[in-house]
Each structure stands twice: as structure tokens, then as C-alpha cells.
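Take a look at the structure set out below.
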Amino acid sequence: MSARQVTLAEVAKQAGVSLATASRVLNGSTRQVSEELSDRVLRTAEQLGYVPNASAQALARNSSSLVGLVVHDITDPYFSCIAAGVTRVAEEAGLVVVLGTTGRRPEREVELLSTLRAHRARAVVLAGSRTTDRASQARLAAEIDAFTEQGGRVACVSQAKLGTDTVVPGNRAGGRALARALAELGHRRFAVLGGPAELVVARDRLAGFKAGLADAGIAPPVVVNGAFTRDGGYEAALELLASKSRATCVFAVTDVMAMGAMAALRERGVRVPEDMSIAGFDDIPTLRDTVPALSTVRLPLEEMGEIAAGLVLDAGGDEARTVRVAGEVVLRASTGHNILATT
């Protein structure tokens, strides 16, 4: 059997102080206790092997050492990289990160934030695209207000739509720059494997790509929507092939979708880039093992997580801060010159 846990009441009795005084010392209340009494309680607690109750400490301080991190899908390397950055900064500050995943369900995001508020988390980072559903965004904004009124802080890695400190990836500008770079390779017929239409990130990347093609005097691309997953990219690529599209270059709005699309093309005997070029977005670490190497738009994902954690742990002012992070086009072996398209 495990040893019995020493109670706060036993510490108070042994130290000769009231239960309230012992609680103020050991649970970190903002109410002051004399140095002599504080030393006596701490010495007694150590002698008895007392372990403070984290929930009681949170109640006394109106906050805890917890930092919440809410992401859509931790198995997606995009989010795991951001999580690495958040965790690094939080742990350096002596805090503990608690992870929650939404499965891309807006209502789950609200539920997780509410739960973290109940546990008096010190801060929360919300990583993931906002949606076009105004009602769900309004519910999330209300929960954020409740969390901040309790003394917590919230930062987002997404679009600046919630009135919080936000790290904003250059999705639209990155898509535009990629389209221009691919057009310079001679491609004139494009297709896009887009994500769910309700996700703002998918819309922004598609809009930017279309703008880049327009800059080059190229007609809008064929668009096939799919889930923001490897399987989503795979199925979207098969649908594109079945449509008999004449596209010579495909842009998948995430690297994960692009990897699924490459698998589909390979199964159908379509060579990359000889028969069809393909590019993604994000530059996730797993691309190092992709053959041919995938062209993409690089985002500094871990750095984005670090910036978000820095914002949320910095008291700052009352005004919401926005940090914009630019993407960088990286052309690799998956996109080749298309000489025939220019003739």
C-alpha cells in the first residue's frame, strides 16, 4: 500500500498556526504572512513530506502553472512543430503545457478553453485556422472574454479575428509568390487541391495563388477540395485525374495533402515532375524523406509557436498585438520546367 498523504491541517497543527495561514503560505495566496510564520510552515511541511494540492494552489492564486495548447490535429506535423515551439518557451518559464485537440470541430475548441478556464490555466495558445462560421467564432470570442476576465491570457496562431494577440502566417502572400514562381517555370495550366471551404487558411492560400496566376496573365486554376489530411490529398488527386484535367502543375494547399496527392499520382503511373509538377505549403519536417523533394512555401513553424508563447506569457498592454510571419518559396525537384506549355 502507498504511504498516507499528509494533509494541510496536519501541517498547520504541527506548525502551531491556523489552517488559513498554512494555506496562504503553501498555496501561494497573495495575502501576506509574516516571514517568521512563513518559515515555520515551510519547515514543518518539509519535515512532514507535505505535497501541495495543485487545485488548491490555483484557487489561492487565481491561476496555475498550466499553459493550455489547443490544436486541430497533433498528428499533423504543422501543429506538432508549433507545439514544440510553445512547449520550449513554457518549460523555460517553469510552466507545464496541457494539450487539447479539436479534431477541427469549432465547438470542441470552445469546450477545451472552458475546461482550461475551470482549471485556472495561466494562459492558452490556440493554434489553427479560423472558420467562416460566424456563430462558432462568436461563441469562441465570448469564452476568450470569460477567460481573460478571470486573469488568463490567450494568443492565437491563425488569422487575427478574435481580438487577441495573434501570430499570423503569410498564407495569402505565400500562395501568390508560389504561383508566380511556378509560372516562371513555364506552366500555364494549373490545378489546386484545396482544403475545406469553411477554413479561412484554405481560402487565403487559394486566393493568394489565384492572384499570383492573374499577375502572370494565367487563367484561374481547376479547384478540387478535400480534407486537410494525407488521405484528403490522395482522394482529391484521384478526382483530379478522373476529370481528365490538362493541368501540368498542381498546388496542394498543405504539404500533408501534397504527400497524399503524390502517392495517388504514383499509383496511377503519373510521373512527378515529368508528367505533372506538384507543390505544397508549410515545409513540414517530414518532407526530408519525400522523393522527389517537394516544392513548398516554408513557414518557420517552431518559431511561430515560440512567438505565440512569448506573447501569451508577456503581460503586454490592453491592445491586441499582431505578429505577421512571412512565407518563403522553396522550389525543389517536384516542380520542373514545362517547356511545352509555353510553345
If we ignore hydrogens and angles and just use 3.5 Å, is the side chain of Arg189 paired with the main-chain N or O of Cys249 as donor and acceptor?
no
In terms of heavy-atom contacts, does CD of Glu46 have more than 12 from other residues, nucleotides or ligands at under 6.0 Å?
no
Is it true that a side-chain atom of Ser277 and a backbone atom of Gly336 form a donor plus acceptor pair closer than 3.5 Å?
yes
Filter on salt bridge (charged side-chain N to carboxylate O under 4.0 Å, His left out), then keep only pairs touching residues 255-264, sequence neighbours left out; what's left?
none
Given 3.5 Å as the limit, does a donor-acceptor pair link the side chain of Thr101 with the main chain of Gly103, or not?
no
One should read off an interatomic distance between His72 NE2 and Arg105 CZ, to the nearest 0.5 angstrom, of 11.5 Å
Rounded to the nearest 0.5 Å, how far does CD1 of Ile278 lie from OG1 of Thr290?
10.5 Å
Nearest 0.5 Å, what's the NZ-CZ distance between Lys210 and Arg172?
11.0 Å
From Ser129 OG over to Leu199 CG, what is the distance, rounded to the nearest 0.5 angstrom?
4.5 Å
Nearest non-hydrogen partners of Ala183 and Ala216, listed with the distance:
CB-CB, 3.9 Å
So, the side chain of Thr148 versus the backbone of Ile144: is there a donor-acceptor pair under 3.5 Å, distance only?
yes
Would a distance-only check, ignoring hydrogens and angles, find a side-chain to backbone donor-acceptor pair under 3.5 Å from Thr44 to Arg40?
yes
Tell me, do Val323 and Val168 make a side-chain contact under 4.5 Å, heavy atoms counted?
no
Using side-chain contact (heavy atoms from CB on, under 4.5 Å), reason through Thr131 and Val200 one step at a time and then give a plain yes or no.
CA-CA 5 Å; Thr131 74; Val200 177; 5.8 Å; no
Taking Thr166 for the side chain and Thr164 for the main chain, is one N or O donor matched with an acceptor at less than 3.5 Å?
yes
Check the surroundings of atom CD in Glu274: do more than 12 heavy atoms from other residues, nucleotides or ligands lie under 6.0 Å from it?
yes
So do Pro273 and His337 actually touch side chain to side chain, heavy atoms under 4.5 Å?
no
My understanding is that only one of Val86, Val125, Leu126 makes a side chain to side chain contact (heavy atoms under 4.5 Å, CB included) with Val312; could you say which?
Val125
Pair Arg188, Thr248 - check side-chain contact (heavy atoms from CB on, under 4.5 Å), show working.
CA-CA 8 Å; Arg188 293 295 179 267; Thr248 63; over 6 Å; no
Any chain of hydrophobic side-chain contacts (each under 4.5 Å) joining Val223 to Leu265?
yes
Pairing residues for Asp231 by the side-chain contact (heavy atoms from CB on, under 4.5 Å) criterion, not counting sequence neighbours
Thr229
Could you list the residues that satisfy side-chain contact (heavy atoms from CB on, under 4.5 Å) with Thr21, not counting sequence neighbours?
Val17, Ser18, Arg24, Val33, Leu37
Tell me whether Gln14 at atom CD has more than 12 heavy atoms from other residues, nucleotides or ligands lying less than 6.0 Å away.
no
Could you walk me through whether Thr132 and Arg203 pass side-chain contact (heavy atoms from CB on, under 4.5 Å), step by step?
CA-CA 10 Å; Thr132 57; Arg203 291 193 172 196; 3.8 Å; yes
Please answer whether the main-chain N or O of Leu331 pairs with a side-chain N or O of Ser295 as donor and acceptor at a distance below 3.5 Å.
no
What are the two closest non-hydrogen atoms of Val71 and Phe79, and how far apart are they?
CB-CD2, 3.8 Å
Once salt bridge (charged side-chain N to carboxylate O under 4.0 Å, His left out) is applied, what residue pairs with a partner in residues 282-298 remain, sequence neighbours excluded?
Arg205-Asp282, Asp283-Arg298, Asp283-Arg332, Arg298-Glu328
Atom CD1 in Ile82, atom CG in Leu69: separation rounded to 0.5 Å?
8.5 Å
Could you tell me whether a side-chain N or O of Ser38 sits under 3.5 Å from a main-chain N or O of Ser34, the two making a donor and an acceptor?
no
The reported gap from CD in Glu143 to CZ in Arg117 (rounded to nearest 0.5 angstrom) is 4.0 Å
Listed partners of Pro300 passing side-chain contact (heavy atoms from CB on, under 4.5 Å), at least two apart:
Glu303, Met304, Val325
Residues that Phe228 engages under ring-ring contact (aromatic ring centres under 6.0 Å, His included), provided they are two or more places apart
none
Go through the steps for Thr254 and Phe281 under the test side-chain contact (heavy atoms from CB on, under 4.5 Å), then give the verdict.
CA-CA 5 Å; Thr254 72; Phe281 202 116; 5.6 Å; no
Can you hop from Leu313 to Val97 via hydrophobic side chains spaced under 4.5 Å?
yes
Minimum heavy-atom distance between Ser80 and Ile74, given as atom pair plus value:
CB-O, 3.7 Å
How close do Ser136 and Pro106 get, counting heavy atoms only, and between which atoms?
CB-CB, 3.7 Å
Backbone of Arg321 reached by a side-chain donor or acceptor of Asp165 within 3.5 Å
yes
Using every non-hydrogen atom in the two residues, find where Leu238 and Ala264 come nearest and quote the distance to one decimal.
CD2-CB, 3.9 Å
Where the side chain of Gln159 meets the backbone of Arg130, is there a donor-acceptor pair that is under 3.5 Å apart?
yes
